[in-house]
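To start, the structure itself, in C-alpha coordinates.
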Amino acid sequence: MPQMTVLEILNRTKVFFEKKGVPDARLDAEYIICFGLGIKKRMDLYLNFDKPLSAAELDKLRPLVARRANREPLQHIVGDTSFRGHTIKCDTRALVPRPETEELVDMAKKRLASVATPFIVEIGTGTGAIAIACAKEIPGAKVLATDVSAEALALAKENADANETPIEFAQGDLLDAVTGEAMAKAAGDASAKIDSLIANLPYIPDGEKGKLQPEVDKFDPELALYGGPDGLSLVRKMLMQTEGRLSAGASILLEIGSEQASVLESEAASYPWLEFTGIHKDFCGNVRFVSYKAK
(Lines give C-alpha, C1' and ligand atoms only; values in the text may rest on other atoms or scores of the structure.)
Protein backbone atom coordinates (compact mmCIF):
# COMPACT_ATOMS: atom_id res chain seq x y z
CA MET A 1 0.00 0.00 0.00
CA PRO A 2 1.56 3.36 -1.02
CA GLN A 3 2.35 5.85 1.70
CA MET A 4 0.08 8.88 2.01
CA THR A 5 1.60 12.28 1.39
CA VAL A 6 1.48 15.36 3.58
CA LEU A 7 -1.14 16.90 1.29
CA GLU A 8 -3.36 13.81 1.41
CA ILE A 9 -3.22 13.75 5.22
CA LEU A 10 -3.90 17.49 5.34
CA ASN A 11 -7.00 17.14 3.17
CA ARG A 12 -8.29 14.17 5.17
CA THR A 13 -7.73 16.01 8.44
CA LYS A 14 -9.53 19.10 7.13
CA VAL A 15 -12.58 17.05 6.14
CA PHE A 16 -12.55 15.23 9.50
CA PHE A 17 -12.37 18.51 11.40
CA GLU A 18 -15.24 19.95 9.35
CA LYS A 19 -17.40 16.97 10.28
CA LYS A 20 -16.58 17.59 13.94
CA GLY A 21 -17.51 21.28 13.69
CA VAL A 22 -13.98 22.58 14.23
CA PRO A 23 -13.76 26.26 13.23
CA ASP A 24 -11.05 27.11 10.67
CA ALA A 25 -10.67 23.42 9.87
CA ARG A 26 -8.03 23.82 7.16
CA LEU A 27 -5.89 26.24 9.17
CA ASP A 28 -6.04 24.12 12.31
CA ALA A 29 -5.17 21.02 10.31
CA GLU A 30 -2.08 22.81 8.99
CA TYR A 31 -1.00 23.85 12.49
CA ILE A 32 -1.56 20.37 13.91
CA ILE A 33 0.47 18.70 11.16
CA CYS A 34 3.26 21.27 11.46
CA PHE A 35 3.42 20.70 15.20
CA GLY A 36 3.28 16.92 14.94
CA LEU A 37 6.00 16.78 12.29
CA GLY A 38 8.22 19.40 13.86
CA ILE A 39 7.80 21.83 10.95
CA LYS A 40 8.46 25.38 12.18
CA LYS A 41 6.77 27.38 9.39
CA ARG A 42 3.58 26.73 7.45
CA MET A 43 5.42 27.65 4.25
CA ASP A 44 7.69 24.66 4.83
CA LEU A 45 4.57 22.51 5.07
CA TYR A 46 3.50 23.67 1.61
CA LEU A 47 6.95 22.89 0.25
CA ASN A 48 6.63 19.32 1.56
CA PHE A 49 3.13 18.51 0.26
CA ASP A 50 4.44 15.60 -1.83
CA LYS A 51 6.49 14.08 0.99
CA PRO A 52 5.31 10.57 1.95
CA LEU A 53 4.65 10.11 5.66
CA SER A 54 6.05 7.15 7.55
CA ALA A 55 4.03 4.99 9.93
CA ALA A 56 5.87 6.61 12.85
CA GLU A 57 4.92 10.09 11.65
CA LEU A 58 1.28 9.09 11.27
CA ASP A 59 1.35 7.66 14.79
CA LYS A 60 2.48 11.07 16.07
CA LEU A 61 -0.32 12.86 14.25
CA ARG A 62 -3.28 10.63 15.16
CA PRO A 63 -3.61 11.58 18.87
CA LEU A 64 -3.13 15.27 18.05
CA VAL A 65 -5.87 15.16 15.43
CA ALA A 66 -8.14 13.28 17.83
CA ARG A 67 -7.67 15.93 20.52
CA ARG A 68 -8.57 18.77 18.18
CA ALA A 69 -11.54 16.81 16.83
CA ASN A 70 -12.71 16.57 20.46
CA ARG A 71 -12.63 20.40 20.35
CA GLU A 72 -9.66 20.80 22.67
CA PRO A 73 -8.24 24.26 21.88
CA LEU A 74 -5.41 24.26 19.37
CA GLN A 75 -3.31 26.36 21.75
CA HIS A 76 -3.57 23.67 24.44
CA ILE A 77 -2.42 21.01 21.99
CA VAL A 78 0.59 22.89 20.65
CA GLY A 79 1.22 24.32 24.12
CA ASP A 80 1.34 28.04 23.46
CA THR A 81 0.15 31.02 21.44
CA SER A 82 1.59 34.33 20.31
CA PHE A 83 0.38 37.52 22.00
CA ARG A 84 1.86 40.63 20.40
CA GLY A 85 4.84 38.50 19.40
CA HIS A 86 5.40 37.17 22.93
CA THR A 87 5.14 33.39 23.36
CA ILE A 88 2.49 32.56 25.97
CA LYS A 89 2.10 29.05 27.37
CA CYS A 90 -1.53 27.92 27.39
CA ASP A 91 -3.34 25.19 29.28
CA THR A 92 -6.52 24.58 31.26
CA ARG A 93 -5.45 26.90 34.11
CA ALA A 94 -6.50 30.07 32.27
CA LEU A 95 -8.27 31.37 29.19
CA VAL A 96 -6.38 31.39 25.91
CA PRO A 97 -5.52 35.05 25.18
CA ARG A 98 -7.32 36.31 22.08
CA PRO A 99 -5.79 38.48 19.35
CA GLU A 100 -8.44 41.15 19.89
CA THR A 101 -7.34 41.57 23.49
CA GLU A 102 -3.92 42.77 22.30
CA GLU A 103 -5.47 46.19 21.67
CA LEU A 104 -5.73 46.79 25.42
CA VAL A 105 -1.95 47.10 25.44
CA ASP A 106 -2.03 49.68 22.64
CA MET A 107 -4.63 51.66 24.57
CA ALA A 108 -2.45 51.61 27.68
CA LYS A 109 0.68 52.64 25.74
CA LYS A 110 -1.13 55.63 24.26
CA ARG A 111 -2.43 56.84 27.62
CA LEU A 112 0.88 56.35 29.44
CA ALA A 113 3.15 57.93 26.82
CA SER A 114 3.87 60.95 29.02
CA VAL A 115 4.30 59.02 32.30
CA ALA A 116 7.97 58.28 33.09
CA THR A 117 7.59 55.21 35.31
CA PRO A 118 3.93 54.19 35.19
CA PHE A 119 2.51 51.83 37.79
CA ILE A 120 0.25 49.41 35.93
CA VAL A 121 -2.09 46.95 37.62
CA GLU A 122 -3.78 44.13 35.75
CA ILE A 123 -6.68 42.44 37.53
CA GLY A 124 -7.48 38.87 36.48
CA THR A 125 -4.22 38.27 34.65
CA GLY A 126 -4.87 34.65 33.61
CA THR A 127 -1.91 33.59 31.47
CA GLY A 128 -0.17 36.89 32.23
CA ALA A 129 -0.19 37.90 28.56
CA ILE A 130 -1.38 41.49 29.02
CA ALA A 131 0.93 42.15 31.97
CA ILE A 132 3.91 40.69 30.11
CA ALA A 133 3.22 42.80 27.02
CA CYS A 134 2.85 45.97 29.10
CA ALA A 135 6.05 45.29 31.03
CA LYS A 136 8.03 44.64 27.86
CA GLU A 137 6.55 47.35 25.66
CA ILE A 138 5.88 50.35 27.93
CA PRO A 139 9.12 52.12 28.93
CA GLY A 140 9.72 52.27 32.68
CA ALA A 141 6.57 50.33 33.51
CA LYS A 142 6.19 48.76 36.94
CA VAL A 143 3.60 46.01 36.71
CA LEU A 144 1.52 44.22 39.32
CA ALA A 145 -0.66 41.37 38.05
CA THR A 146 -3.33 39.71 40.17
CA ASP A 147 -5.72 36.80 39.95
CA VAL A 148 -8.08 35.07 42.35
CA SER A 149 -6.90 31.69 40.99
CA ALA A 150 -3.66 30.27 42.36
CA GLU A 151 -3.46 27.98 39.32
CA ALA A 152 -3.72 30.90 36.89
CA LEU A 153 -1.08 32.85 38.81
CA ALA A 154 1.28 29.89 38.63
CA LEU A 155 0.84 29.82 34.85
CA ALA A 156 1.33 33.58 34.62
CA LYS A 157 4.56 33.33 36.61
CA GLU A 158 5.81 30.59 34.29
CA ASN A 159 5.10 32.84 31.32
CA ALA A 160 6.76 35.86 32.91
CA ASP A 161 9.87 33.79 33.64
CA ALA A 162 9.94 32.34 30.12
CA ASN A 163 9.68 35.86 28.68
CA GLU A 164 12.27 37.19 31.15
CA THR A 165 9.81 39.82 32.33
CA PRO A 166 9.98 41.35 35.82
CA ILE A 167 6.40 41.40 37.12
CA GLU A 168 5.07 41.27 40.66
CA PHE A 169 2.15 38.88 41.23
CA ALA A 170 -0.48 38.82 43.97
CA GLN A 171 -3.41 36.50 44.64
CA GLY A 172 -6.77 37.86 45.71
CA ASP A 173 -10.23 39.04 44.74
CA LEU A 174 -10.02 42.05 42.40
CA LEU A 175 -8.42 45.10 44.07
CA ASP A 176 -8.32 43.33 47.44
CA ALA A 177 -5.14 41.73 46.07
CA VAL A 178 -3.50 45.13 45.59
CA THR A 179 -2.25 45.44 49.16
CA GLY A 180 0.40 47.77 50.52
CA GLU A 181 2.84 44.89 50.55
CA ALA A 182 2.13 44.04 46.90
CA MET A 183 2.46 47.68 45.85
CA ALA A 184 5.71 48.06 47.74
CA LYS A 185 7.16 45.09 45.89
CA ALA A 186 5.87 46.19 42.49
CA ALA A 187 6.18 49.99 42.64
CA GLY A 188 8.51 50.54 45.57
CA ASP A 189 5.80 52.39 47.50
CA ALA A 190 3.19 50.79 49.76
CA SER A 191 0.83 53.72 49.13
CA ALA A 192 1.41 53.98 45.38
CA LYS A 193 -1.38 55.23 43.14
CA ILE A 194 -2.25 53.26 40.02
CA ASP A 195 -1.55 54.97 36.69
CA SER A 196 -3.35 52.40 34.56
CA LEU A 197 -5.76 49.69 35.67
CA ILE A 198 -6.37 47.01 33.05
CA ALA A 199 -8.81 44.13 33.29
CA ASN A 200 -10.34 41.48 31.09
CA LEU A 201 -12.63 40.07 33.74
CA PRO A 202 -15.20 37.27 33.34
CA TYR A 203 -18.11 38.96 31.55
CA ILE A 204 -20.26 36.15 30.13
CA PRO A 205 -23.77 36.13 31.70
CA ASP A 206 -24.44 33.11 33.88
CA GLY A 207 -27.36 32.13 31.63
CA GLU A 208 -24.93 31.31 28.82
CA LYS A 209 -23.50 28.30 30.67
CA GLY A 210 -23.57 25.25 28.44
CA LYS A 211 -24.23 27.33 25.31
CA LEU A 212 -20.68 28.29 24.40
CA GLN A 213 -18.33 26.67 21.91
CA PRO A 214 -16.98 23.33 23.18
CA GLU A 215 -13.46 24.78 23.22
CA VAL A 216 -14.69 27.16 25.92
CA ASP A 217 -17.33 25.07 27.68
CA LYS A 218 -15.18 21.95 28.03
CA PHE A 219 -11.69 23.32 28.50
CA ASP A 220 -11.70 26.86 29.92
CA PRO A 221 -11.95 27.33 33.71
CA GLU A 222 -15.49 28.35 34.66
CA LEU A 223 -14.08 30.84 37.18
CA ALA A 224 -12.64 32.84 34.27
CA LEU A 225 -15.83 32.94 32.20
CA TYR A 226 -18.97 33.96 34.02
CA GLY A 227 -19.70 37.35 35.55
CA GLY A 228 -23.13 37.09 37.15
CA PRO A 229 -26.69 37.56 35.81
CA ASP A 230 -25.75 40.16 33.17
CA GLY A 231 -22.02 39.44 33.12
CA LEU A 232 -21.03 42.70 34.80
CA SER A 233 -21.03 41.81 38.50
CA LEU A 234 -17.24 41.66 38.82
CA VAL A 235 -16.71 44.77 36.67
CA ARG A 236 -19.04 46.82 38.87
CA LYS A 237 -17.44 45.50 42.05
CA MET A 238 -13.96 46.38 40.80
CA LEU A 239 -14.98 49.87 39.64
CA MET A 240 -16.44 50.54 43.08
CA GLN A 241 -13.10 49.56 44.64
CA THR A 242 -11.12 52.09 42.60
CA GLU A 243 -12.04 55.16 44.67
CA GLY A 244 -8.85 56.63 46.12
CA ARG A 245 -6.62 54.05 44.41
CA LEU A 246 -5.80 55.92 41.19
CA SER A 247 -3.46 58.77 40.30
CA ALA A 248 -5.01 61.93 38.80
CA GLY A 249 -5.83 61.23 35.16
CA ALA A 250 -5.19 57.50 35.50
CA SER A 251 -6.90 55.24 33.00
CA ILE A 252 -9.10 52.20 33.49
CA LEU A 253 -9.23 49.94 30.44
CA LEU A 254 -11.72 47.08 30.35
CA GLU A 255 -12.61 44.37 27.86
CA ILE A 256 -16.33 43.63 27.92
CA GLY A 257 -19.09 42.07 25.82
CA SER A 258 -20.34 44.12 22.90
CA GLU A 259 -23.77 44.68 24.41
CA GLN A 260 -22.40 45.66 27.82
CA ALA A 261 -20.62 48.88 26.85
CA SER A 262 -23.76 50.99 26.72
CA VAL A 263 -24.86 49.58 30.08
CA LEU A 264 -21.61 50.65 31.71
CA GLU A 265 -21.86 54.07 30.08
CA SER A 266 -25.37 54.51 31.49
CA GLU A 267 -24.08 53.60 34.97
CA ALA A 268 -21.10 55.98 34.90
CA ALA A 269 -22.64 58.26 37.52
CA SER A 270 -22.32 55.42 40.04
CA TYR A 271 -18.58 56.17 40.15
CA PRO A 272 -18.36 59.98 40.56
CA TRP A 273 -14.56 59.87 40.97
CA LEU A 274 -14.31 58.50 37.41
CA GLU A 275 -15.04 59.97 34.00
CA PHE A 276 -16.37 57.55 31.39
CA THR A 277 -14.15 58.29 28.40
CA GLY A 278 -15.31 55.99 25.67
CA ILE A 279 -16.56 52.85 23.99
CA HIS A 280 -13.96 51.31 21.70
CA LYS A 281 -14.05 48.76 18.88
CA ASP A 282 -11.53 46.02 18.13
CA PHE A 283 -9.78 45.52 14.77
CA CYS A 284 -12.78 43.53 13.54
CA GLY A 285 -15.07 46.51 14.12
CA ASN A 286 -16.82 44.96 17.14
CA VAL A 287 -17.41 46.89 20.36
CA ARG A 288 -15.03 45.29 22.86
CA PHE A 289 -13.60 47.86 25.29
CA VAL A 290 -14.59 50.73 27.55
CA SER A 291 -12.34 53.30 29.21
CA TYR A 292 -12.50 55.56 32.24
CA LYS A 293 -10.24 58.31 33.59
CA ALA A 294 -9.71 59.24 37.21
CA LYS A 295 -10.83 62.79 37.99
Does the side chain of [X] reach to within under 4.5 Å of the side chain of [Y], using non-hydrogen atoms?
| X | Y | result |
| --- | --- | --- |
| Leu144 | Ile167 | no |
| Ser82 | Ile88 | no |
| Glu255 | Arg98 | no |
| Cys34 | Arg42 | yes |
| Ile130 | Thr101 | yes |
| Leu253 | Tyr292 | no |
| Leu104 | Phe289 | yes |
| Ser54 | Gln3 | yes |

Given Tyr31, which of Leu74, Leu64, Asp24 fulfils the side chain to side chain contact (heavy atoms under 4.5 Å, CB included) condition? Leu74

Does the [X] side chain pair with the main chain of [Y], one donor and one acceptor, at a distance under 3.5 Å?
| X | Y | value |
| --- | --- | --- |
| Glu267 | Leu264 | no |
| Asn286 | Asp282 | no |
| Glu122 | Ile198 | no |
| Arg68 | Ile77 | no |
| Glu215 | Pro73 | no |
| Gln260 | Tyr203 | yes |
| Asp189 | Ser191 | yes |

Reported [atom1]-to-[atom2] distance for the pair [X] and [Y], which is rounded to 0.5 angstrom:
| X | Y | atom1 | atom2 | answer |
| --- | --- | --- | --- | --- |
| Leu37 | Asn48 | CG | CG | 9.0 Å |
| Ser247 | Lys193 | OG | NZ | 9.0 Å |
| Glu72 | Arg67 | CD | CZ | 4.0 Å |
| Glu243 | Leu274 | CD | CG | 8.5 Å |
| Leu201 | Leu174 | CG | CG | 6.0 Å |
| Thr13 | Ile33 | OG1 | CD1 | 4.5 Å |

Polar side chain donor-acceptor pair, [X] to [Y], under 3.5 angstrom:
| X | Y | answer |
| --- | --- | --- |
| Ser149 | Glu151 | yes |
| Lys20 | Asn70 | no |
| Thr92 | His76 | no |
| Tyr46 | Glu30 | yes |

Stepwise, does the salt bridge (charged side-chain N to carboxylate O under 4.0 Å, His left out) test hold for Lys51 with Glu57? CA-CA 11 Å; Lys51 176 184 179 292; Glu57 288 172 323; 3.0 Å; yes

The salt bridge (charged side-chain N to carboxylate O under 4.0 Å, His left out) partner of Lys109 among Glu103, Glu102, Glu137 is Glu137

Indicate the atoms forming the closest heavy-atom contact of Ala94 with Ala152, along with that distance. CB-CB, 4.4 Å

Could you walk me through whether His86 and Lys136 satisfy the side chain to side chain contact (heavy atoms under 4.5 Å, CB included) test, starting with their C-alpha distance in whole Å, then the side-chain angles of each, then the deciding distance to 0.1 Å, before giving a yes or no? CA-CA 9 Å; His86 313 298; Lys136 294 184 81 71; 3.8 Å; yes

May I ask you to establish whether Arg71 and Phe219 are in a cation-pi arrangement, using a distance under 6.0 Å from NZ or CZ to the six-membered ring centre and at most 45° from the ring axis?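 That pair does not qualify as a cation-pi contact.
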
A cation-pi test, strictly: NZ or CZ of Lys209 under 6.0 Å from the centre of the six-membered ring of Tyr226 and no more than 45 degrees from its axis. Yes or no?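 Cation-pi check for Lys209 and Tyr226: passes.
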
Show your reasoning for whether side chain to side chain contact (heavy atoms under 4.5 Å, CB included) applies to Phe169 and Thr146. CA-CA 6 Å; Phe169 293 97; Thr146 80; over 6 Å; no

Charged N-O contact under 4.0 Å between [X] and [Y]:
| X | Y | answer |
| --- | --- | --- |
| Glu18 | Lys14 | yes |
| Asp106 | Arg84 | yes |
| Lys89 | Asp80 | no |
| Arg236 | Asp230 | yes |

Take Leu95 and Thr127 through the side chain to side chain contact (heavy atoms under 4.5 Å, CB included) test and state the conclusion after the steps. CA-CA 7 Å; Leu95 298 186; Thr127 62; over 6 Å; no

